[in-house]
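Written out below as structure tokens is the structure these notes cover.
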Amino acid sequence: NHVSSICSTWGRDHFKTFDGDVFQFPGMCEYNLVSDCQDSYQLFSVHIKRAEKDGNPTISYFSVTINELLFHISKSWVTVNSEQVPLPYYKGGVQVENNAAYIKFQSKVGFTVMWNGEDAVMVEIDTDFANRTCGLCGDFNGVPVYNEFINYGMYRVIYPIEFGNKHKAHHPNDDCEDPYEEGGELLESVTVSDSCKEFVTFCENMFLSESWSSCTKLINHEVYIQACVKDMCGCSNNTNDFCVCSTLSEFSRQCSHAGGQPPNWRTTQFCGKKCPYNMVYEESGSPCMDTCTHQDTSSLCEDHKMDGCFCPSGTVFDDISERGCISQSECQCKRDKIYNPGEVYRKGQEECTCFEGMWDCITLEAPATCAVEQGSYFTTFDGKTYTFHGDCYYTLAKVESKDGASPNFTLLAQLVPCAHQQFDTCLKSLKILLNNDKNNVSKIT
């Protein structure tokens with residue numbers, strides 16, 4: 001359960017702080033979601049900005065500042081200090097990746113930002129930053145309400161709109177207007193208006209069904225029911241997926257963070273998600289996906305489970321030919337080119353066969369060589385060299401078959417004194433004797 005190290009925003013205007021407070025803030029300017037603010041030197045900051053799309057507020061971009069680097073992340077592109085960079089991006093302790101469900105920004109400083117490309121942003125932060133953060137995510141002191149919404153020094157309540165406005169990011173020539181500070185309450189204390197009560201039963205039936213039991217035991221579901229009611233009440237079209245699905249999706253994500261197992265509640269007609277290739281959408285799966293080239297990724301994964309597009313059980317993702325999810329036995333291999341299963345790659349004394357995306361290699365025995373040069377200079381099979389002068393037939397090599405399937409043979413060399421050089425020996429002829437049969441002799445002169 002790592003809910004206490006996660007801050008999130010979703011839907012029309014919902015926020016959950018690290019300390020568990022859930023509130024609404026409808027600001028459409030750029031705001032500081034979370035930053036390190038206890039030291040004189042700010043280590044990092046994460047800003048978000050919402051915009052209207054098809055009548056619904058969505059996240060238009062988020063930006064991250066680390067040291068002197070400014071990352072600007074939108075659905076269309078990513079820039080670093082105003083220069084566009086391709087994804088995936090790995091540099092200087094920062095990883096930016098885009099998978100089928102999320103754009104993920106991870107920093108070795110100790111935090112991760114996940115954006116679904118639509119309405120939801122999540123920040124997970126190391127406990128080293130406890131009581132050191134500020135922004136819409138709160139101070140991470142482990143105590144709900146305190147400091148964010150109750151100022152004990154001034155003995156007064158701070159309402160969500162006021163709390164949100166004070167975290168506005170001020171830019172030159174920015175004419176974005178703050179939401180009007182008209183009170184507002186945390187969701188735990190909200191009273192449902194008469195006009196919205198018709199949605200209470202609808203939302204309760206969704207969140208309190210038996211299939212969500214592992215989640216309702218771990219999470220304060222009441223605040224999400226209240227958020228659902230506000231979503232439904234604030235939508236002009238109650239059948240709009242955005243109105244129905246955004247808070248239920250967030251509740252599912254929080255359930256995974258808490259160690260629960262949310263059901264696969266989506267259908268093609270209700271809050272459906274489309275995945276590329278033949279992948280399937282699951283509410284809680286390992287973000288470390290096994291591929292043809294990295295087949296043990298999931299077993300070594302230390303990341304938390306999350307929702308997203310995954311390969312069906314018993315398959316891996318083909319990251320060589322990009323064919324989607326396939327059985328491991330169909331995985332190809334890559335060297336100088338792409339090899340299909342069963343194909344062989346040879347180089348030198350190495351012979352490798354492609355098997356389930358992996359190379360199965362053996363080292364071939366090098367052929368041994370025995371040599372006679374100029375009739376008197378010998379090199380053995382083991383590389384030993386020596387000089388010998390003779391005048392007769394000599395056994396140069398004798399091979400006996402161990403299994404009897406191959407013929408035995410003897411190689412004889414005839415050495416004689418050289419006619420043109422008095423003290424030297426010449427190789428006059430070779431004889432090959434098969435199976436010690438003197439009638440089966442081949443002679444080479």
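Residue indices begin at 1 and follow the sequence shown.
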Backbone N/O of N340 and side chain of E343: donor-acceptor pair under 3.5 Å = yes
inquiry  = Is it the case that the side chain of R266 and the backbone of C271 share a donor-acceptor pair, with hydrogens and angles ignored and the cut-off at 3.5 Å?
reply    =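 Pair found, side chain donor or acceptor close to backbone of C271.
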query = F129 pairs by ring pair (Phe, Tyr, Trp, His ring centres under 6.0 Å) with which of F111, F18, F140, F44?
reply =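 When ring pair (Phe, Tyr, Trp, His ring centres under 6.0 Å) is applied between F129 and each of F111, F18, F140, F44, only F44 qualifies.
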inquiry  = Show every ring-ring contact (aromatic ring centres under 6.0 Å, His included) that has at least one partner inside residues 272-295, sequence neighbours left out.
reply    =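 Listed by first then second residue: Y277-F317.
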side-chain contact (heavy atoms from CB on, under 4.5 Å) between C176 and K49, worked out = CA-CA 11 Å; C176 181; K49 187 180 188 307; 5.7 Å; no
task = Take E222 and Q226 through the side chain to side chain donor-acceptor pair (under 3.5 Å) test and state the conclusion after the steps.
result = CA-CA 6 Å; E222 290 297 332; Q226 294 277 16; 5.5 Å; no
Drop me the distance from [X]'s [atom1] to [Y]'s [atom2], to the nearest 0.5 angstrom.
| X | Y | atom1 | atom2 | result |
| --- | --- | --- | --- | --- |
| T291 | D319 | OG1 | CG | 3.5 Å |
| Y102 | T112 | OH | OG1 | 13.5 Å |
| H72 | T65 | NE2 | OG1 | 10.5 Å |
| M28 | D13 | CE | CG | 10.0 Å |
| N98 | I103 | CG | CD1 | 4.5 Å |
| H14 | K230 | NE2 | NZ | 7.5 Å |

May I ask you to test the [X]-[Y] pair for a side-chain heavy-atom distance under 4.5 Å?
| X | Y | value |
| --- | --- | --- |
| C331 | P341 | no |
| L33 | F62 | no |
| H257 | E124 | no |
| I66 | S107 | yes |

message = Between S246 and D119, does the side chain to side chain donor-acceptor pair (under 3.5 Å) criterion hold? Intermediate values first, please.
response = CA-CA 8 Å; S246 60; D119 66 306; 4.6 Å; no
inquiry  = Test side-chain contact (heavy atoms from CB on, under 4.5 Å) on F25 and H167; report intermediate values, then the result.
reply    = CA-CA 11 Å; F25 175 66; H167 294 299; over 6 Å; no
task = List the steps and the verdict of side chain to side chain donor-acceptor pair (under 3.5 Å) for S298 and D290.
result = CA-CA 6 Å; S298 60; D290 290 335; 2.8 Å; yes
inquiry  = Under 2.5 Å between the SG atoms: is that true for C352 and C361?
reply    =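 Yes; the two sulfurs sit under 2.5 Å apart.
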query = Are E30 and Y61 close enough that a side-chain donor and a side-chain acceptor fall under 3.5 Å?
reply =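 Result is yes, a qualifying pair exists.
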key: is_close_aromatic(Y224, F207), centroid dist under 6.0 Å   =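 Centroid separation for Y224 and F207: 6.0 Å or greater.
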key: Salt bridge E118-K75, side-chain N to carboxylate O under 4.0 Å   = no
message = Assess the residue pair S74 and S76 against the criterion (side chain to side chain donor-acceptor pair (under 3.5 Å)); give the C-alpha distance rounded to whole Å, side-chain angles, the decisive distance to 0.1 Å, and a yes or no.
response = CA-CA 5 Å; S74 70; S76 304; 4.8 Å; no
